[in-house]
Amino acid sequence: MSAHKKRNISVLGSTEFTGIHLNKPAPYAAGLTGIKVALQHAFKEMGVVKSFRTLAHMNQKEGFDCPGCAWPDPEKPSKLGEYCENGAKALAEEATNKRIDAAFFAQYSVEELSTWSDYEIGKCGRLTTPMVLHPDSIYYQPISWEEAFSLIAKELQQLNSPDEGIFYTSGRSSNEAAFLYGLFVRAFGTNNMPDCSNMCHESSGVALSETLGIGKGSVKLDDFEKAEVVIVMGQNPGTNHPRMLSALQKCKENGGQVIAINPLEEAGLIRFKNPQEIKGVIGGGAPLTDIHLQVKINQDVALLKLIQKRLATLDTVSEKVFDHNFIATHTQGYEALLKDLDRFSEEELLERCGISKEKIALTVDLLAKKNKIIICWAMGLTQHKNGVANIKECVNLLLLKGSLGKEGAGTCPVRGHSNVQGDRSVGIMHQVSPTLNKAIENSFGFTPPSKEGLDTVHAIKAMHNEKAKVFIALGGNFVSAASDTLFTAAALQKCSLTVQVSTKLNRSHLVTGKTALILPTLGRSEQDYTNGKQRFFTVENSMGKVHRSKGILPPASDQLRSEPEIVGGMAQAYFKGKHPVAWGSLSKDYHLIREKLAEVITGFKNLNKASEGAGFYLPNNVRSLDFSKLPGGKAQFSCCELPEHQMPKDGFMLMTVRSHDQFNTTIYGLDDRYRGVHNERRVVFMNPSDMEARGFQKLEVVDLYSNYDGQERKASKFLVIPYNIPRGDLAAYFPETNVLVPYNHFADKSHTPISKSIVVTIQKTE
């Protein structure tokens with residue numbers, strides 16, 4: 001019997017309820033309560049003095065980048081603190097005074113730890129020493145760094161092909177670490193580099209690349225101050241990137257208006273109490289949303305087509321609504337788009353999106369008169385089978401209005417993790433770039449592989465089919481972040497070796513291959529020294545700006561190594577000096593990494609100097625209206641189909657969401673203050689009329705089921721909560737409901753999991 005079968009691992013952890021308490025949903029975000037909660041988390045984890053000292057340096061030019069979201073810092077960050085409530089929570093998690101040492105792992109087996117909730121696992125503290133889980137054992141044991149690297153090298157050398165290795169990357173990694181990691185993986189001989197972008201904004205990257213020629217957004221932070229309209233689609237900035245609310249506030253103060261398009265009315269888009277202003281602390285705060293379009297789940301294409309059709313009827317010879325000069329000069333496919341829109345009746349589109357005629361009329365009237373328009377979006381648009389089409393429809397609207405390449409206008413995909421965009425910029429991708437491969441060959445003297453690698457969903461399938469046998473993760477919590485939790489867990493457990501480079505304990509350290517390694521690394525907030533000299537690294541924010549980050553805290557343990565040092569250690573152990581790349585020198589000298597990165601990656605010229613101070617923006621062709629790399633040298637209009645879902649008679653459409661007390665898979669606490677849910681995560685939000693029609697009572701215990709390709713998946717024991725959500729739609733937290741998302745159903749072209757549109761049925765728990 002293989003080792004992983006001997007371990008009695010609870011993949012999903014505890015399903016016990018924790019004592020729910022409900023309030024009314026909050027009418028505003030942040031304010032005095034936000035300050036209070038942020039400091040409570042910080043004081044509990046770090047203590048008072050350490051909290052104030054560390055928070056004062058976060059997101060400052062001479063400090064360190066927030067380990068949370070990728071929202072950009074203003075040119076002149078506030079001296080009062082350029083961070084939000086959830087940024088403070090993210091820092092508190094990383095800079096906690098709690099420690100996990102060898103004694104902890106001697107006391108608790110992986111079997112016991114796996115029965116804990118994700119919240120309980122995450123609260124154990126910082127990892128302090130390398131650990132190994134041997135086959136047939138259920139206890140991690142200490143291992144030296146040299147032994148760990150040798151073990152990895154041995155497992156990699158035993159593979160029949162480099163393509164049997166999977167090398168995952170989280171968005172927490174620095175540009176330097178990610179560049180070196182990608183270099184090592186290519187030198188090893190594979191492009192199997194799935195990353196967290198595959199699970200979030202890959203749909204954005206594909207759609208934007210095909211229509212505008214770059215897989216990133218086009219706006220800068222100060223564009224929000226100049227925008228006439230900001231459309232916020234499929235996202236909840238009050239929880240996921242709260243500093244965005246300040247930008248929306250400035251838009252409003254300068255006469256702009258905000259349209260929110262989302263199935264849920266979120267507190268952060270109702271009213272914002274800016275904690276950096278007196279009126280935000282003791283006053284009523286600032287109203288943000290002018291029009292809320294409560295679209296049904298995954299009917300954004302229908303809504304956007306309806307808006308475009310209505311605008312087209314207003315665009316006459318005497319009264320121009322569209323920017324025809326922009327369209328003629330910079331775009332291709334306008335006539336085809338208008339013809340395609342004629343295929344859809346307004347009645348059908350109106351019924352699909354579920355929004356009143358009156359609100360549609362208000363929206364169209366506003367957009368008809370404006371051309372400085374920003375569209376922002378997040379996972380609510382990307383994580384659908386038609387995720388790419390969702391983004392292309394956003395681009396269609398912007399192209400019609402000429403809302404690109406000008407101040408106060410453009411695309412704004414809001415990235416979730418703090419350097420996920422930077423990872424991709426410096427070469428973390430499973431696709432093959434001949435230009436990048438040639439540059440690597442010229443700079444480093446080896447030929448990278450030319451075969452396309454595996455993205456996240458196909459890497460999971462390969463491991464499950466035992467065609468991939470070693471899994472190495474540079475950060476992240478793969479088993480909880482990926483779709484189809486039980487399938488993903490089984491895939492990892494079939495591996496001969498799984499390696500996690502981490503700061504804190506998570507479920508992926510417990511759901512492992514036959515052998516598993518935990519390699520503890522430095523956090524963003526910690527000092528990184530070599531030979532008595534402190535090093536810094538660089539990151540890229542959500543708007544394409546690269547800047548430096550330098551920690552201020554002593555490391556949690558003298559056993560910690562930086563991510564570049566860990567990557568270099570693996571490479572040295574594998575190649576044993578028989579390779580043209582000087583892995584040892586690169587891993588210790590970030591200045592040297594940046595010099596080589598600047599040689600290889602376009603836009604990073606003079607990186608060492610340019611990253612100082614405020615940093616610099618990477619090239620962006622949309623800002624200069626240069627579409628020369630696209631067909632005809634023009635930006636592309638797109639003709640998209642409406643989404644189709646096979647709904648059973650008693651079916652619902654479920655979207656997974658974050659609570660206010662979490663960031664990605666990291667659970668800070670058990671409260672979702674803005675939605676009025678306290679001390680519980682196992683909840684499902686349902687329209688009260690649906691509850692009445694199905695005979696469900698408030699807080700009744702139910703099970704959720706999905707059925708794809710004849711395979712039933714089940715998420716057990718959730719409490720029903722009446723909520724303002726469209727009829728036929730449900731919402732519940734991830735990662736608890738990731739178990740319902742089939743690994744083999746994903747977005748066309750981008751392969752992003754369908755986590756925001758899962759067809760489910762719901763039954764009372766027996």
Side-chain angles (χ1 to χ4, degrees), residues 64-70 90-91 93-94 118 121-122 126-127 166-182 184-185 192-202 205 240-241 379 415-430 453-457 459-460 471-483 488 492 498-509 511-512 517-526 537-542 549 560-567 570 658 662-667 734-735 738 752-753:
F64 59 92
D65 198 55
C66 176
C69 81
L91 175 61
E93 291 288 308
E94 176 181 287
D118 290 328
I121 292 170
R126 284 291 299 277
L127 297 162
I166 305 293
F167 299 84
Y168 176 75
T169 315
S170 158
R172 195 195 71 84
S173 303
S174 66
N175 290 330
E176 291 78 3
F179 177 73
L180 195 64
Y181 191 53
F184 167 55
V185 177
N192 286 350
M193 286 182 278
D195 72 322
C196 54
S197 288
N198 297 152
M199 295 184 276
C200 54
H201 268 293
E202 197 72 51
N240 299 338
H241 18 263
M379 305 303 94
R415 306 285 175 171
H417 216 154
S418 53
N419 197 43
V420 60
Q421 186 161 292
D423 285 355
R424 186 58 61 88
S425 293
V426 302
I428 295 296
M429 56 184 175
H430 63 279
L454 300 174
D455 58 21
T456 295
V457 294
I460 294 169
F471 175 85
I472 300 176
L474 190 66
N477 180 4
F478 190 82
V479 72
S480 294
S483 57
T488 298
L492 289 168
T498 52
V499 181
Q500 306 289 335
V501 180
S502 310
T503 57
K504 296 194 66 186
L505 192 68
N506 62 52
R507 193 161 296 279
S508 294
H509 301 113
V511 181
T512 71
L517 284 169
I518 297 175
L519 304 182
T521 189
L522 294 168
R524 286 274 176 88
S525 58
E526 290 174 317
F537 58 80
T538 62
V539 294
E540 179 186 346
N541 67 32
S542 192
S549 180
L560 303 185
R561 293 197 181 184
S562 72
E563 288 184 330
E565 287 174 332
I566 293 172
V567 173
M570 289 190 288
R658 293 178 184 170
Q662 77 178 99
F663 181 74
N664 294 342
T665 60
T666 301
I667 314 299
F734 74 84
N738 283 358
T752 301

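FYI, side chains are in, hydrogens and waters are out, and symmetry mates aren't considered; it's all heavy atoms of this structure.
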Sub-3.5 Å donor-acceptor pair from the side chain of [X] to the main-chain atoms of [Y], do we have one?
X	Y	answer
Ser542	Arg415	yes
Thr538	Ser174	no
Tyr181	Tyr168	yes
Thr521	Arg561	yes
Thr169	Asp195	no
Arg126	Glu94	yes
Glu540	Val426	no

Consider side-chain contact (heavy atoms from CB on, under 4.5 Å). Of Leu127, Ile121, Asn477, which one does His509 pass it with?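 It is Leu127; the other options fail the test.
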
Check whether any side-chain heavy atom of [X] lies under 4.5 Å from a side-chain heavy atom of [Y], and answer yes or no.
X	Y	answer
Met570	Ile472	yes
Pro194	Ile166	yes
Val539	Gln421	no
Thr666	Glu93	yes
Phe478	Thr456	yes

How many angstroms lie between atom [atom1] of [X] and atom [atom2] of [Y], to the nearest 0.5 angstrom?
X	Y	atom1	atom2	value
Met193	Arg424	CE	CZ	10.0 Å
Ser418	Asp423	OG	CG	9.0 Å
Leu474	Leu519	CG	CG	10.0 Å
Ser173	Phe179	OG	CZ	14.5 Å
Cys69	Asn240	SG	CG	8.5 Å

Check step by step if side chain to side chain contact (heavy atoms under 4.5 Å, CB included) holds for Leu560 and Glu526. CA-CA 10 Å; Leu560 303 185; Glu526 290 174 317; 3.9 Å; yes

Taking only residues two or more places apart in sequence or in another chain, which ones pass side-chain contact (heavy atoms from CB on, under 4.5 Å) with Asp455?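 With neighbours one apart ignored, the set is Asn198, His430, Val457, His458, His751.
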
side-chain contact (heavy atoms from CB on, under 4.5 Å) partners for Ser549, two or more places apart: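 If we apply the side-chain contact (heavy atoms from CB on, under 4.5 Å) test to Ser549, skipping adjacent residues, the hits are Phe64, Asp65, Arg524, Phe537.
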
For [X] and [Y], which heavy atoms make the closest approach, and how far apart are they?
X	Y	value
Ala482	Met199	CA-SD, 3.5 Å
Asn541	Ala70	CB-O, 3.5 Å
Gly476	Asn506	O-ND2, 3.2 Å
Gly171	Cys196	N-SG, 3.1 Å
Ala178	Ile428	O-CD1, 3.4 Å
Ser170	Gly475	CB-C, 3.4 Å

Would Ser525 and Leu91 count as a side chain to side chain contact (heavy atoms under 4.5 Å, CB included) here? Give the steps. CA-CA 8 Å; Ser525 58; Leu91 175 61; 3.8 Å; yes

Evaluate Thr665 against Asp118 for side chain to side chain contact (heavy atoms under 4.5 Å, CB included), listing each step before the verdict. CA-CA 8 Å; Thr665 60; Asp118 290 328; over 6 Å; no

Please step through side chain to side chain contact (heavy atoms under 4.5 Å, CB included) for the pair Leu492 and Thr512, ending with a clear verdict. CA-CA 6 Å; Leu492 289 168; Thr512 71; over 6 Å; no

